[in-house]
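The structure appears below as structure tokens.
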2 protein chains.
Amino acid sequence: MSDLQAVEVAISPVEKFREYLATKAQRLTTERRFIVEEIFADHDHFDVDQIVMRLSQRDDGKRVSRSTVYRTVSALEEAGLLRKIARADGRDLYEHDYGYPQHDHLICRRTGKLIEFHSPELDEILQKVAAEHGFRMEGHRLEVYGLSAEACRPARRSYGKLDRI
Amino acid sequence: MSDLQAVEVAISPVEKFREYLATKAQRLTTERRFIVEEIFADHDHFDVDQIVMRLSQRDDGKRVSRSTVYRTVSALEEAGLLRKIARADGRDLYEHDYGYPQHDHLICRRTGKLIEFHSPELDEILQKVAAEHGFRMEGHRLEVYGLSAEACRPARRSYGKLDRI
DNA sequence: TTAGCTGCAAAGCCTTTGCAATTTA
DNA sequence: TAAATTGCAAAGGCTTTGCAGCTAA
């Protein structure tokens with residue numbers, strides 16, 4: 001799905017989170033572990049509601065409250081494991097910021113699909129621009145809007161729109 | 001404040017809006033005209049609350065309700081006169097998308113200041129990336145985060161943070 | 001005259017928070 | 001055991017909406 005490669009990570013997200021919590025004398029509870037595992041089970045973008053739903057479908061009957069998911073997602077953001085990337089339908093969208101290289105997105109306005117890409121040249125240009133303004137760059141967010149190849153093509157079978165949401 | 005130049009516009013924002021409204025059999029009311037004039041009185045970024053406040057301070061006693069401002073801002077967005085650029089403190093931020101050239105922002109995480117810039121090279125790269133993915137680009141949003149020159153310098157007088165908000 | 005518009009208040013929604021009970025280290 | 005955490009429900013805060021009265025064309 002993506003031509004990006006995972007970055008080498010020494011430790012798992014859960015361990016990374018445990019380290020962060022330790023520095024603040026906070027605890028890695030069962031709930032927090034479940035949430036982190038669920039979030040890092042795949043590399044897709046997500047919003048809080050999706051995680052709450054996925055957790056509610058666990059077969060071991062262990063539930064986690066919505067409040068706790070909100071609180072944990074915030075903590076993960078502070079810990080540098082997650083990054084808020086956008087807002088969709090009034091909700092905040094997040095993506096992994098640990099174990100995954102920096103990248104940007106092409107966003108299809110028809111299907112809503114996100115295509116990731118990374119451009120070293122882009123980085124260079126941003127460095128240059130920042131330097132020209134005496135600005136110390138720490139990061140960036142780039143979203144390119146338009147139509148994906150699939151969305152442009154006339155749909156042959158009911159493919160694209162329907163299967164995707 | 002900005003080294004960008006205004007784009008040549010044939011007609012005023014209000015007229016442009018009137019044209020748009022005409023295509024949808026909608027009306028340019030006094031309220032809508034006031035709102036557009038207030039929004040395009042300067043080129044600063046704004047949120048709905050700021051416009052509501054500015055309108056409430058008119059000396060001619062003409063008031064416009066918050067609902068109407070929300071509704072009009074949405075219409076202006078659809079009309080292509082405004083663009084939603086970010087979210088700050090839970091509010092949507094807008095900027096002009098008519099009579100002003102495409103540009104991006106350097107955002108100071110300390111002062112919150114927005115520095116505009118435009119890079120033709122950036123456009124080229126985005127065109128290239130989009131082409132590689134068979135993506136038809138229609139626009140983009142780029143925010144570069146970091147520290148502005150002023151924020152890096154030790155504040156001599158109480159300047160920067162305090163005077164700015 | 002007749003759609004469309006405005007204001008107001010109420011509702012919607014995502015997100016945050018107070019608090020008592022529970023749990024981790 | 002003491003401090004941190006959870007769940008629940010309620011509160012927050014921005015934005016949207018239903019509706020009756022008003023108004024542009």
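The sequence lines fix the lettering, A, B, ..., with proteins before strands; numbering per chain opens at 1.
- In terms of the salt bridge (Lys or Arg N to Asp or Glu O under 4.0 Å) criterion, residue partners of A/Arg141 (sequence neighbours excluded) are, by chain and number, A/Glu143, B/Glu143.
- Summary for the helix from C/dT1-D/dA25 to C/dA25-D/dT1: the axes at its two ends, each from 5 pairs, differ by 40° when rounded to the nearest 10 degrees.
- Rounded to an integer number of Å, the gap from A/Arg33 CZ to D/dT6 P is 12 Å.
- Distance CG (A/Leu55) to C1' (D/dG7): 14 Å, rounded to an integer number of Å.
- One atom, CZ of B/Phe46, and another, P of D/dC14, lie 16 Å apart when rounded to the nearest Å.
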Go along nucleotides 10-15 of chain C 5' to 3' and tag each nucleotide: B for a protein heavy atom under 4.0 Å from its base, S when only backbone or sugar atoms are that close, - otherwise.
----SB

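- Under the side-chain hydrogen bond (donor to acceptor under 3.5 Å, both in side chains) criterion, B/Tyr20 pairs with B/Glu78, sequence neighbours left out.
- Taken together through direct or relayed side-chain contacts under 4.5 Å among Ile, Leu, Val, Met, Phe, Trp and Tyr, B/Val69 and B/Phe17 form part of one hydrophobic cluster.
- Applying the salt bridge (charged side-chain N to carboxylate O under 4.0 Å, His left out) rule to pairs touching residues 122-133 of chain B yields A/Glu121-B/Lys128, sequence neighbours excluded.
- For A/Arg33, there are no side-chain hydrogen bond (donor to acceptor under 3.5 Å, both in side chains) partners at least two apart in sequence or on another chain.
- Every side-chain contact (heavy atoms from CB on, under 4.5 Å) that B/Thr29 has, sequence neighbours left out, goes to B/Arg27, B/Glu31, B/Arg32.
- Remark: B/Phe46 pairs with B/Tyr94 by the ring pair (Phe, Tyr, Trp, His ring centres under 6.0 Å) rule, at least two apart or across chains.
- Scored by the salt bridge (Lys or Arg N to Asp or Glu O under 4.0 Å) test, A/Asp47 finds A/Arg91 as partners (sequence neighbours excluded).
- Looking at residues two or more places apart in sequence or on another chain, you find a side-chain hydrogen bond (donor to acceptor under 3.5 Å, both in side chains) between A/Glu15 and A/Arg18.
- Summarising the geometry, the separation between CD on B/Gln50 and P on D/dC14 is reported as 12 Å, rounded to the nearest angstrom.
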Could you run down nucleotides 18-25 of chain D 5' to 3' and tag each one B, S or - for protein heavy-atom contact under 4.0 Å?
B----BBS

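- Summarising the geometry, the separation between CG on B/Leu76 and P on C/dC5 is reported as 13 Å, rounded to the nearest angstrom.
- The backbone N or O of A/Ile39 sits less than 3.5 Å from a side-chain atom of A/His96, completing a donor-acceptor pair.
- Within the structure, every side-chain polar atom (N or O) of A/Ser65 is placed at least 4.0 Å from both OP1 and OP2 of D/dC8.
- Every side-chain hydrogen bond (donor to acceptor under 3.5 Å, both in side chains) that A/His105 has, sequence neighbours left out, goes to A/His45, A/Glu95, A/His103.
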